[in-house]
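As structure tokens, the structure follows; a few thoughts come after it.
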There are 2 protein chains.
Amino acid sequence: MSTPYLGDFEMLVALAVARLAPDAYGVSIQREITARTPRSVTLGAVYATLVRLEDKRLLAASDSAPTGERGGRSRRVYTLTAAGKKAIARSHDAVRRMMDGLETALGHA
Amino acid sequence: MSTPYLGDFEMLVALAVARLAPDAYGVSIQREITARTPRSVTLGAVYATLVRLEDKRLLAASDSAPTGERGGRSRRVYTLTAAGKKAIARSHDAVRRMMDGLETALGHA
DNA sequence: CTATTAGTTCTACATTGTAGAACTATGTCC
DNA sequence: GGACATAGTTCTACAATGTAGAACTAATAG
């Protein structure tokens, strides 16, 4: 299959990974999304989505060393692959094209 | 439930309805999406999504009179409700906020 | 060695995405 | 009016994504 389109939540997770690089892992991703959007996000949702994006090779993962803080165990850290960046671009592009010239009609100029 | 977030395909269908008003119906919506994006779309997918968006009161439907053309039977015509416009704005906004300042990092300046 | 904390995985289910076949209504032409 | 072509919609069935919450694991502090 060629580069897929991302689901809406996959899109947010992928963008969070891009923002947080090179420190994107489950907890920081959840924090980033809830901080920047009004959307409420559980950790379960984030982790499930990370696994799926990794399966599709849109993200690559590696395990970090423990942090030294109390409870600071090793993190599973994600980065975007080239295919991942392409998937973001394609998905966003489709929306952009459908929105083109529609701003006024929708009332949020 | 307050205004929901749209799935990625729901978003494209809702935007097509906005573009095509007041002539948005199954077939024209499919045409619009395939014309403006590289995404392939079956009619089954479009109709299923229209029903779901109508159930959620994001779209309102009415039946038109037959067109007079050969085979031109009555169409089920859709328009966006206020809640529908809000859902588009909310969904797009979440992505916009997550993308903010990220353009260069993703390589599609 | 017990408590506390950061982090991840598992389980289960709801919603959304998708394709293709079946069906229905309209007009044309003889 | 009845065969037929055509525009349009609905149905059926399943795959992928979204979601919540509980369970689990690994680390440090005391």
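Numbers restart at 1 for each chain; the letters A, B, ... are given by sequence-line order, proteins then strands.
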All N/O contacts under 3.5 Å from nucleotides 27-30 of chain C to the protein, with atom names and distances to one decimal?
{"from": "C:dT28", "atom 1": "O4'", "to": "B:Arg70", "atom 2": "NH1", "distance (Å)": "2.6"}

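Between the side chain of A:Thr67 and the main chain of A:Gly72, a donor-acceptor pair closer than 3.5 Å is present. For the pair B:Arg57 (side chain) and B:Ala83 (backbone), a donor-acceptor distance under 3.5 Å is absent. Checking side-chain atoms of B:Ser74 against main-chain N and O of B:Pro66 turns up no donor-acceptor pair under 3.5 Å.
To the nearest 0.5 Å, atom CZ of residue B:Arg31 and atom OG1 of residue B:Thr34 are 8.5 Å apart. Atom CZ of A:Arg73 sits about 10.0 Å away from atom OG of A:Ser64, to the nearest 0.5 Å.
Looking at residues 41-53 of chain B, you'll see B:Leu43, B:Tyr47 sit with a heavy atom under 4.0 Å from some atom of DNA chain D. Near DNA chain D, defined here as any heavy-atom distance below 4.0 Å, the residues from residues 10-33 of chain A are A:Glu10, listed numerically.
Annotation for A:Arg90 and A:Pro4: closest pair NE-O, 4.3 Å, computed over non-hydrogen atoms. Scanning both residues, B:Val77 and B:Tyr25, for their nearest heavy atoms gives CA-CB, 4.4 Å.
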Pairs under 3.5 angstrom only: tabulate donor-acceptor contacts from the side chains of residues 94-102 of chain B to other protein residues two or more places apart or in another chain.
{"from": "B:Arg96", "atom 1": "NH2", "to": "B:Asp93", "atom 2": "OD1", "distance (Å)": "3.4"}
{"from": "B:Arg96", "atom 1": "NH2", "to": "B:Asp93", "atom 2": "OD2", "distance (Å)": "3.3"}

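Checked against side chain to side chain donor-acceptor pair (under 3.5 Å), A:Glu54 has the following partners two or more places apart in sequence or in another chain: A:Arg76.
Salt-bridge check for B:Glu10 with B:Arg52: failed, with every basic side-chain N at 4.0 Å or more from each acidic carboxylate O.
Between B:Arg39 atom CZ and C:dT16 atom C1' the separation is 11 Å, expressed in whole Å.
OP1 or OP2 of C:dT16 lies within a sub-4.0 Å distance of a side-chain N or O belonging to B:Lys56.
Contact footprint of chain A on DNA chain D: nucleotides with an atom under 4.0 Å from a non-hydrogen protein atom, first to last in 5' to 3' order, D:dT17 to D:dA29.
Linking ILVMFWY residues whenever their side-chain heavy atoms come closer than 4.5 Å, directly or via other members, places B:Leu50 and B:Met11 in the same cluster. Hydrophobic clustering (ILVMFWY, side-chain heavy atoms < 4.5 Å, transitive): B:Phe9 and B:Leu6 are in one cluster.
For the pairing with B:Val17, the side-chain contact (heavy atoms from CB on, under 4.5 Å) check across B:Ile29, B:Asp23, B:Ile88 returns one residue only, B:Ile29.
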